[in-house]
Peer 1: 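Just dropping this structure here.
These numbers were taken from a predicted model, which means no experiment stands behind them.
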Amino acid sequence: MAHAEAYKDPGTPQEQTRRVFMANAVVALGGVIGLGLAIPLITSLIPPSDANVSEWSPLTPDEVARLKKATDKPVKVTFQLHETNGYFGASDSEQFVWAVKTDEAKIRAKRPELFGGVEKVPYPVVNLGFAIFSPICPHLGCRYSWNDQLNRFACPCHGSQYTNVGEHVAGPALRGLDPLPLRDFHGKVQLEWIEYKQNTPDHIILKVG
Amino acid sequence: MLTWLDQRTGLVTMTKGFLTEDVPGGASYWYAFGSATVFALMLQIATGIFLCFYYAPSTATAWESTDYLIKHVPAGGLVLSLHYWGASAMIAFMTMHLLQALLWGAYKKPRELQWIVGVILFLLTLVLGLTGYLLPWDLNALLASKVAIQIAGSAPVLGPAILNFLQDGNGIGTLTINRFFGIHVWLVPALLVGLVGLHLVIFRWNGPAGPPIDEAPKLKPGRFWPEQLFMDTVLSFAMFVIVVALAVFAPAPFDAKADPNNTTFVPYPAWYFLALYALLDVVGKFPSAIVQIATLFATIIMPGVLVLLLILLPFIDRNPSRRPSRRPWILAITALTIVGAIGFSFFGQYNVVEGQVAHGLVGATAGNAATTGGAPQVETGTGNNPNGGGAAGGGPGNATAGQTVFTTNCSGCHGNGSGTEIAPPLAGSEFVTGDKDKLIGIVANGLTTKITVKGKDWTGNMPAWKGTLTNKQIADVITYIRGAWGNKAGPVTEADVAKASK
């Protein structure tokens, strides 16, 4: 049989119209199927509503006692971060933050950017007489520590340094340390874990809780 | 733009070449089943990829990740149900395609190898159905797959080796899930795609067979594009609509997590295995002297011979004619097989339902009912037990007594099931209708951690009722709330409470 015999005869005008309709119908039906399938599939990629819900983590009485020991010199305060990890559900992992005893006037003087403009944070920076700083370096995300000799926070990765109130004074970071919310909830002291985007001067929330 | 692409790749010319093909005797919907099967395969691959973004194969995570997908992922349950019904659609349309090729005599020279590749594709698709069934790791997945694995293990010569591979030498466990997962997601899809490609290449070489007459090659040809492809698209579209409708109105079943010690759950195979399941059942009732050999016959020998006959059909049936009037034998045997398969399938379905009635599972969700041990009970639609008082220990809780317990102790905070500012609602709550042991834990031991009920968070101060209420009272009130306000979950027994409240 010779190849594609059926295509040699162009056919009657009626047949030609039918063929145009069929060609269009194939594209149209195919499009409907594609759309009908794409909607649930793409929807399933939306993060579930229980991910990243605002989460205040409580401090145990021991941890609160430790917090109260903070002075001008920061102390490390540990707590159990209650996280949901996909289908593993809720789990607690140990986390720590830096706490400094200070007042709003002091911080406002040194770090006015936290109170207005691009680097502003939408919650009080000083609560219950303390400022809490995220242990994640705002440069590229390493954990940093307090260096007694330098009297600064110093990050081991790329050498960024911050004062005891988190003011950026040396190294490649583009903003100072990120403060975290602290509150007294019916007698329980709680802090909120928030992760901000690295390596940018503004505070862009990546993850809460 | 297409010219620009074609100059550099030749793809447009190639596609045009594929599409300009003759269909002897004109396009027909009878020929559309093959492409509908390919469409079903693409549907399965698309939904399967997205399922892979959430599913984790292990005994600790298989059920949990599936549960998470259904309950927490937006449209997750829908994607799962599309995949579930898509599997049935693929096997249904593939069977129609096989029957069409068989009845049209399209397996005769020169298309023998085309047919053999097709039968292999059919078998591989059944393997996909079998392996996919285990992955959710719910009660049905485990118990139904156990049967299939035992059958595979009883094959002569290779049986023990197959059993070892499927059971990792240790019984059905996490490695079984992993191996089924690897087969289902990687190995067979790769083989399938490769063989479908071969199937299409051979098809193109020989051309479509056309109507079942011996003068088919001399008929006036129709056009593949757009006439045949239009019919293919219409059939695929119809399949798509049916699969979506089924997925929306009959979501994929998902029972409680697999528990090898469960004695009440009646497993049900996929519909395409019902006939084999029914045969197994019949043969299992034979006298003990011959039951072993009869079972081997029913599960290995007969299906094995059938598959062999199917593969070798083009070489067994040497009749050169394609006309039905000249092929009475093959048509009679085919008709008999179809009738037998359908008959046995209905019989198999009847057996499954009968088994569920005997275990008191009719009218209730299998998972909840199956995990309440003790005396079997028939549940009414609301789950309230019609008996006056539950028997001690084994009997289910008494919902009527439970209502009194609720009004006295619980309604202060939980209102009449719809909750208040200080306590979450119980009507339609996943905590009430879900895992009964978890619920018993909450009522008996209290709850101070955060939970999410129907999309809202609650940080709890649920007091512990163990000690204040007896185990019987806890069983009664839980039975009550699981069947009230439209909740349709099974009762719990005093024994359940004693066990789960430790």
Peer 1: Let me know which of B:Asp232, B:Val234, B:Thr233 forms a side chain to side chain contact (heavy atoms under 4.5 Å, CB included) with A:Val26.
Peer 2: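 It is B:Thr233, the one option of B:Asp232, B:Val234, B:Thr233 that forms the side chain to side chain contact (heavy atoms under 4.5 Å, CB included) with A:Val26.
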Peer 1: A:Leu45 versus chain B, heavy atoms under 4.5 Å apart: side chain, backbone, both or neither?
Peer 2: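 Both parts, backbone and side chain.
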Peer 1: With only heavy atoms counted, which part of B:Leu80 is less than 4.5 Å from chain A, the side chain, the backbone, both or neither?
Peer 2: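 No part of B:Leu80 comes within 4.5 Å of chain A.
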Peer 1: Above 12 or not: heavy atoms from other molecules or residues under 6.0 Å from CZ of B:Phe18?
Peer 2: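 It does not: B:Phe18 CZ has 12 such atoms or fewer within range.
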Peer 1: Less than 4.5 Å to any heavy atom of chain B: does that hold for the side chain of A:Asn24, its backbone, both, or neither?
Peer 2: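 Contact with chain B: none, neither part.
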Peer 1: State, to 0.1 Å, how close A:Ser44 and B:Phe50 come at their nearest heavy-atom pair, and which atoms those are.
Peer 2: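 Closest approach of A:Ser44 to B:Phe50, heavy atoms only: OG-CD2, 3.5 Å.
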Peer 1: Side chain, backbone, both or neither: which part of B:Val241 has a heavy atom under 4.5 Å from chain A?
Peer 2: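 Answer is neither: B:Val241 stays 4.5 Å or more from chain A.
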Peer 1: Is the backbone N or O of B:Asp22 less than 3.5 Å from a side-chain atom of A:Tyr7, with the two atoms forming a donor-acceptor pair by type?
Peer 2: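 Here the side-chain-to-backbone pair does not exist.
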Peer 1: Out of curiosity, A:Leu41 CG to B:Leu82 CG, how far, rounded to the nearest 0.5 Å?
Peer 2: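 It comes to 7.5 Å.
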Peer 1: So, for B:Thr61 and A:Phe88, which heavy atoms are closest and what is the spacing to 0.1 Å?
Peer 2: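 For B:Thr61 and A:Phe88, the tightest heavy-atom pair comes out as CG2-CE2, 3.5 Å.
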Peer 1: Please report the closest heavy-atom contact between B:Pro221 and A:Ala6, naming both atoms and the distance.
Peer 2: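 Heavy atoms only, the tightest pair is O-CB, 3.5 Å.
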Peer 1: Using the side-chain contact (heavy atoms from CB on, under 4.5 Å) rule, take A:Val32 and B:Phe240 through it: C-alpha gap first, then chi angles, then the decisive distance, then the call.
Peer 2: CA-CA 10 Å; A:Val32 170; B:Phe240 182 66; 5.7 Å; no
Peer 1: Quick one: pull up NZ in A:Lys8 and OG1 in B:Thr20 and give me the separation to the nearest 0.5 Å.
Peer 2: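 That separation rounds to 11.0 Å.
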Peer 1: Which pair of non-hydrogen atoms, one from A:Met22 and one from B:Glu227, has the smallest distance, and what is that distance?
Peer 2: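 Nearest pair, atom of A:Met22 first, then B:Glu227: SD-CA, 3.5 Å.
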Peer 1: Check whether any side-chain heavy atom of A:Tyr87 lies under 4.5 Å from a side-chain heavy atom of B:Tyr55, and answer yes or no.
Peer 2: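 In short, these two side chains do not touch, never coming nearer than 4.5 Å.
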